[in-house]
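What's counted below: heavy atoms across the whole structure, side chains too, no hydrogens, waters or symmetry copies. The chain is numbered in sequence order, starting from 1.
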Amino acid sequence: EDLVVPSEIIKYFINKTDYCFIKNFCICRSSMQCKDYPIDYGCLFLGRGILDINLALGKRVSQEEAINHIEKCKEAGLIHLIGRNLLDKQWLGVKEGEKLLSICNCCPCCCLWRITPILEKKLGAKVKKVQGVEVRVTDKCIGCGTCTEGICFVDAIHIVNNRAVINDECRGCGRCVMICPQQAIEISFQDK
């Protein structure tokens, strides 16, 4: 399964491995010739499986470099998707796919999952929120609408009665939290 996760959770996985690899470009943004987000902010791969990846595609990095990469991606407004992707195993030539964890840094305009809101529910549900992640609107919300302006890649936030409302389609990426000028949206993690 692919899970949408905030940066803080990605850091947890980075700190659990000695094997980190940053791809030198994003295949989705490159193929779509993205003008809004950095093409050179590629996927991050974790686990022993990275030892099979051709070094022409990127570089092996330290945990600190991997965390810096994730922070840059977050600051650029990219959404982290994490999973064990069979497609990545195949095209990267990784022999043991269960030893490769893929972390894509997706933009809302070029990512394969940008079509989630218009997919049949069963297909769109393949991208899930991490259990224990909660995104909520606080009383600080003034209903400015900044969070509704192409921010949510699943269109899960709307203004109702001059206040932002987040529906069950939310995948917990935290982009709305990052852009809210009133700091009226919070994200929390509960260990389940």
Side-chain angles (χ1 to χ4, degrees), residues 2-15 22 25-26 28-30 32-44 64-83 103-119 121 124-192:
D2 287 318
L3 298 170
V4 177
V5 294
S7 300
E8 291 74 19
I9 295 174
I10 300 290
K11 291 174 189 172
Y12 169 83
F13 287 104
I14 291 170
N15 287 321
I22 298 173
F25 70 99
C26 171
C28 295
R29 286 192 290 283
S30 178
M32 298 291 283
Q33 299 175 354
C34 188
K35 302 281 187 249
D36 298 324
Y37 294 89
I39 291 173
D40 60 339
Y41 287 15
C43 294
L44 172 66
E64 183 180 345
E65 290 169 303
I67 288 171
N68 288 339
H69 179 69
I70 288 300
E71 281 299 314
K72 283 189 336 188
C73 292
K74 174 184 162 185
E75 289 169 14
L78 300 173
I79 300 164
H80 309 302
L81 246 94
I82 188 170
I103 302 164
C104 296
N105 301 297
C106 304
C107 65
C109 48
C110 302
C111 174
L112 172 65
W113 291 109
R114 75 188 181 283
I115 60 172
T116 300
I118 60 170
L119 285 175
K121 277 252 190 238
K126 296 285 184 191
V127 177
K128 301 181 187 259
K129 176 168 57 172
V130 170
Q131 198 173 27
V133 170
E134 182 186 343
V135 181
R136 68 178 199 86
V137 180
T138 70
D139 290 338
K140 294 181 192 173
C141 180
I142 61 169
C144 70
T146 302
C147 58
T148 65
E149 298 169 1
I151 299 303
C152 181
F153 82 115
V154 291
D155 198 25
I157 190 164
H158 303 280
I159 300 297
V160 178
N161 297 328
N162 295 319
R163 183 179 164 97
V165 175
I166 301 170
N167 66 34
D168 291 341
E169 293 299 313
C170 174
R171 300 307 198 273
C173 71
R175 290 186 81 217
C176 58
V177 175
M178 291 187 293
I179 61 88
C180 179
Q182 307 304 319
Q183 297 179 330
I185 307 173
E186 297 176 344
I187 191 165
S188 61
F189 315 98
Q190 282 152 29
D191 195 7
K192 291 193 175 192

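Atoms NZ and CD1, on Lys74 and Ile10 in that order, are 11.5 Å from each other to the nearest 0.5 Å. Summarising the geometry, atom SG belonging to Cys170 is positioned 9.5 Å from atom CD belonging to Glu134; distances are rounded to the nearest 0.5 Å. If you take CE on Met32 and CD1 on Ile39, they are separated by 11.0 Å, rounding to the nearest 0.5 Å. The CD atom of Glu65 sits 11.0 Å away from the CD1 atom of Ile67 when rounded to the nearest 0.5 Å. Interatomic distance, CZ of Phe25 versus SG of Cys43, reported as 9.5 Å (0.5 Å rounding). Note that the CD atom of Glu64 and the CG atom of Asn15 stand 10.5 Å from one another [nearest 0.5 Å].
A distance-only check finds no donor-acceptor pair linking the side chain of Arg29 to the backbone of Cys34 [under 3.5 Å]. Under a 3.5 Å cut-off, the side chain of Arg175 and the backbone N or O of Cys147 do not form any donor-acceptor pair. Judged by distance alone, the side chain of Thr146 and the main-chain N or O of Cys180 form no donor-acceptor pair under 3.5 Å.
The shortest side-chain heavy-atom distance between Asp139 and Arg163 falls under the 4.5 Å cut-off. Looking at Val137 and Val165, their side chains never come closer than 4.5 Å, going by heavy atoms from C-beta outward. Using a 4.5 Å cut-off on side-chain heavy atoms (C-beta onward), Lys11 and Glu71 make contact. The closest side-chain heavy-atom distance from Asp155 to Glu169 is not below 4.5 Å. Counting heavy atoms from C-beta on, the side chains of Asn105 and His69 come closer than 4.5 Å. When side chains are defined from C-beta on, Ile151 does not count as touching Ile157, because their heavy atoms never get closer than 4.5 Å. By the 4.5 Å heavy-atom criterion applied to side chains, Cys107 and Asp36 are not counted as neighbours.
Summarising the geometry of Cys106 relative to Leu81, their closest heavy-atom pair is SG-CD1, 4.2 Å, with the distance given to 0.1 Å. Contact between Val177 and Glu186 at its shortest, heavy atoms only, is CG2-C, 4.0 Å. Residue Cys141 comes nearest to Ala164 through the heavy atom pair SG-N, 3.2 Å, listed as atom of the first residue, atom of the second, then distance. Summarising the geometry of Ala66 relative to Leu44, their closest heavy-atom pair is CB-CD1, 3.9 Å, with the distance given to 0.1 Å. In this structure, Gly77 and Tyr37 approach most closely via the heavy-atom pair O-CE2, 4.1 Å.
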